[in-house]
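Every heavy atom of this structure was used, including side-chain atoms; hydrogens, water molecules and symmetry mates were not. Letters go in sequence order (proteins before strands), and every chain restarts at 1.
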There are 2 protein chains.
Amino acid sequence: MSSVRPKRSDVHHPEPDGQVVPKLCESCEARHRGVCGALPGDDLLRLSKISVRKTLKSGESVVCDEDDVISFSNVLNGVVKLSKLLPDGRQQIVGLQFAPDFLGRPFRAESHLTAEASGDVHLCSFPRAEFESMMRDNPELEHRILAQTLEQLDEARDWMMTLGRKTAREKIASYLLMIARHSAPQPPSGQGVAIDLPLSRGDMADFLGLTIETVSRQMTALRKAKVIEFDSARAVRIPSLRALERAAGE
Amino acid sequence: MSSVRPKRSDVHHPEPDGQVVPKLCESCEARHRGVCGALPGDDLLRLSKISVRKTLKSGESVVCDEDDVISFSNVLNGVVKLSKLLPDGRQQIVGLQFAPDFLGRPFRAESHLTAEASGDVHLCSFPRAEFESMMRDNPELEHRILAQTLEQLDEARDWMMTLGRKTAREKIASYLLMIARHSAPQPPSGQGVAIDLPLSRGDMADFLGLTIETVSRQMTALRKAKVIEFDSARAVRIPSLRALERAAGE
DNA sequence: CCGGATCGTTGACGCAGATCAACGTCGCTG
DNA sequence: CAGCGACGTTGATCTGCGTCAACGATCCGG
C-alpha cells in the first residue's frame, strides 16, 4: 500500500470524497463502526491532535473506582472489563467492552466503576473536556454515543436476566454464546465455531455471579454433554450453536 | 385557581418568558424534570397535539415482548415494570420506571421487553415516528434522552451487582433502600422514613431473582432485626437508613 | 532442570435458598 | 355474611452451588 500520492502523508491525506483524515485514524475501526465516524474531517483532526494511543498490559486499569475521570477512550483491540466492588471485597463484572466501543461516562466526573484490561489492550485516549465540547457542537457525535449507550443498556438487561434467573450451567452457556456472537461475524462454515475466551475462570465467575470452582465444573459438564470441545482451557469449539443456545435456556 | 387571564386559556397560555405552553403540559412533571423540558414552546405544542393521556390499570401492559413499538410515553405517575421472559416462563424484572421517566427504545422497532403497570399508571403517549423526527431536529431533546439512558445504565449495572453477588437479605434491603431513595426526596425528619412498596411480593421476587417465599422470609427477618417496621404488608417504616444501608451490604 | 507462582480441575461437605405444602388475611361479590 | 380468589406468611425438606482442600498443568526465572 505505498502511496502514489505526494509528500506530507505522515500527517494526513485526502479521502475519496476529498475529506482529510488524520494518519492516526486512517485504519482505525472507531472511525468506521465507532463514535469517530460521526466526525467530519476537521473535527477528527482536532480530536486526533489531542488523542494518544495507549497500551495496557493485562490487569492494568484505565479508571478506578472513585477516580475523577479525566479522559475518554476508544477500545482499539482487546477486551476491557467494567467491574464493581462491594466494601467487603465481593466483585461483579458489569460489562465487557470490545473494539470499537467507546469507554467513558459523559456528564459525570466520577465513576463508580473500575475499567481494567483483560489481556493486552490498545486504547485511543483523549481529554474528557475536549470531547464533551465536541459533543455539544456535533449532534451526530452525541447521536452515536446515544446509540451505543442504548445497546449497552440492552445488554445489561439481558445480563440481569442471566444473573437473576438462570442456573450456573445456563449462565456459562450464555457467556460462551455471547463470546461466540462477538467474535464470529457469522458462522457459515459447516463444522462449528472456534472461539478464544478472553476471560480467566476467575473473571468468568465474577461476570456470572458464580465461583471459580462452579465455572470449572460447569465447563466440564458442558464438555461431557458434547455442547463444547476444548482445544485448551482458553480455546473452545462449538459444534452446534443451536445446542449451545438450548443449553443457555433460550 | 381560576384564571385572571383572558379567554383561550383552554388551549395554552404564555409562560413568564413569553413562551406558549400547551394546557395539557402545564403541570406535567415531564416538562420540568423529564424529556419535554428540552422542547421549546412550539415543539411542545406540536407534540402535545399528537399526544394522548392513557390510564393503565394494574397489570395492563404498555408494550409486549415482540410487539412492534409504535409509540413512546412519559410516565406521569405510578410505576411501570420492565420485564423479560424466558421461553420456559422464568421471569426477570429488569427495571422500574417512575414519573417522569421516558418510556421507549429509540432506533429500534421491536422490543424484547414487556412494560407493564404495577398499580394504576398514567402515561402521556405519542407516536414513535413523530417523536423520533423531533429528536432529529432538536439536539437538546436527544441530549436529555441520552442523559436518562446513561442513568438507567448506571442503575442496571448497580442491579447486576445486587443480582450477582448479594445474599437474599441484602437484595431485599437494597430494594427497600432504592424505593426509599425514590420516594423521599430526603428524610430530614428525626423518626425515619415511611415508604409504600409499589411491588407485590411476587414482583419483588422477580426483580431480585428470588422466590416469593424467600422474599417473605427475609422481610420478616429484617423486621425481627428491627431494620424495618411493618404498617401493613405494603407499607414499611425505616427507623434508620444507615442500618438499612448496612443490611444492604454497602 | 528445578522451585515457585498462577491458573485450572476435581472431590467432600455444608448451607442458603428453592420447592412443596399448609394456613392466615384481606377484599370482593353474590 | 358466606364463599372465593389473590396475596402473604410459615414450616419441612431438598438441592444447587459455595466452601474448603488437595492436586495437576503451564509458565517463568535462576
Side-chain angles (χ1 to χ4, degrees), chain A residues 57-59 86 88-92 118-120 162-176 196-225 228-236 247 249, chain B residues 57-60 81 86 88-92 116-120 162-176 196-225 228-236 247 249:
Chain A
K57 296 232 163 285
S58 185
L86 246 30
D88 63 7
R90 279 175 287 177
Q91 188 173 179
Q92 175 70 44
S118 166
D120 293 356
T162 300
L163 288 171
R165 287 300 183 200
K166 291 189 181 176
T167 65
R169 178 151 166 183
E170 290 169 330
K171 286 178 180 181
I172 299 286
S174 300
Y175 169 75
L176 295 174
D196 283 312
L197 304 182
L199 299 188
S200 69
R201 297 294 189 265
D203 283 338
M204 285 173 64
D206 282 341
F207 192 34
L208 298 169
L210 301 170
T211 60
I212 294 184
E213 295 93 326
T214 299
V215 169
S216 186
R217 272 189 259 270
Q218 296 302 331
M219 289 287 286
T220 303
L222 286 173
R223 176 170 54 74
K224 287 184 176 160
I228 56 176
E229 296 162 17
F230 283 31
D231 290 333
S232 78
R234 292 288 194 102
V236 168
Chain B
K57 296 233 164 283
S58 186
E60 287 183 323
K81 304 177 284 186
L86 247 29
D88 63 6
R90 281 175 286 177
Q91 187 172 179
Q92 175 70 45
E116 194 181 331
S118 168
D120 292 357
T162 300
L163 288 172
R165 286 302 184 198
K166 290 189 182 176
T167 64
R169 178 149 166 184
E170 290 169 331
K171 287 178 179 180
I172 298 286
S174 300
Y175 169 75
L176 295 174
D196 283 311
L197 304 182
L199 299 188
S200 70
R201 297 294 189 264
D203 284 338
M204 285 174 63
D206 282 341
F207 191 35
L208 298 169
L210 301 170
T211 59
I212 294 185
E213 295 92 325
T214 300
V215 169
S216 186
R217 273 188 257 271
Q218 295 302 331
M219 289 286 287
T220 304
L222 285 173
R223 176 170 55 74
K224 286 185 177 158
I228 57 176
E229 295 162 18
F230 282 33
D231 290 333
S232 78
R234 292 290 194 100
V236 167

**Request:** Remember a base hit wins even if backbone is also touched, and classify A/G209 as base, sugar-phosphate or nothing at under 4.0 Å, heavy atoms.
**Result:** sugar-phosphate

**Prompt:** NA contact type, B/R234, heavy-atom cut-off 4.0 Å: base, sugar-phosphate, or nothing?
**Reply:** sugar-phosphate

**Asked** How do B/R169 and A/A233 order along DNA chain C: which one's closest nucleotide is nearer the 5' end?
**Response** A/A233

**Request:** Taking only Lys NZ, Arg NE, NH1 and NH2, and the carboxylate oxygens of Asp or Glu, determine whether B/D203 and B/K81 approach each other closer than 4.0 Å.
**Result:** yes

**Asked** Where the side chain of B/E60 meets the backbone of B/A117, is there a donor-acceptor pair that is under 3.5 Å apart?
**Response** no

**Request:** Could you check how far CG of B/L208 sits from C1' of C/dG17, rounded to whole Å?
**Result:** 13 Å

**Base of C/dT19 paired with side chain of B/R217 (donor-acceptor, under 3.5 Å)** = yes

**Item:** Span of DNA chain D in contact with chain B (heavy atoms, under 4.0 Å)
**Value:** D/dG8 to D/dA12

**Prompt:** Within the side chain of A/S216, is there an N or O that forms a donor-acceptor pair under 3.5 Å with the backbone of A/I212?
**Reply:** no

**Request:** Keeping the roles fixed (side chain from A/R201, backbone from A/A233), state whether a donor-acceptor pair exists under 3.5 Å.
**Result:** yes

**Message:** side chain to side chain contact (heavy atoms under 4.5 Å, CB included), that's the test. Do B/D206 and B/R90 meet it? Break it down for me.
**Reply:** CA-CA 9 Å; B/D206 282 341; B/R90 281 175 286 177; over 6 Å; no

**Prompt:** For A/S200, which contact category applies under a 4.0 Å heavy-atom criterion: base, sugar-phosphate, or nothing?
**Reply:** sugar-phosphate

**Message:** Whole angstroms only, please: what is the CD-P distance between B/Q218 and C/dA18?
**Reply:** 9 Å

**Prompt:** For B/T214 and C/dA18, is the shortest distance between a side-chain N/O and OP1 or OP2 below 4.0 Å?
**Reply:** yes

**Message:** Has B/S174 got a side-chain atom pairing as donor or acceptor with B/E170's backbone, closer than 3.5 angstrom?
**Reply:** yes

**Request:** Could you pick out which residue, A/R165 or A/G202, lies toward the 5' side of DNA chain C when each is mapped onto its nearest nucleotide?
**Result:** A/G202

**Integer-rounded Å distance: C/dT9 C1' and A/I172 CD1** = 14 Å

**Complete:** B/L199 and B/M204 have their tightest heavy-atom pair at CB-CG, 4.0 Å

**Asked** Could you state the CD-C1' distance from B/E213 to C/dA21, rounded to the nearest angstrom?
**Response** 10 Å

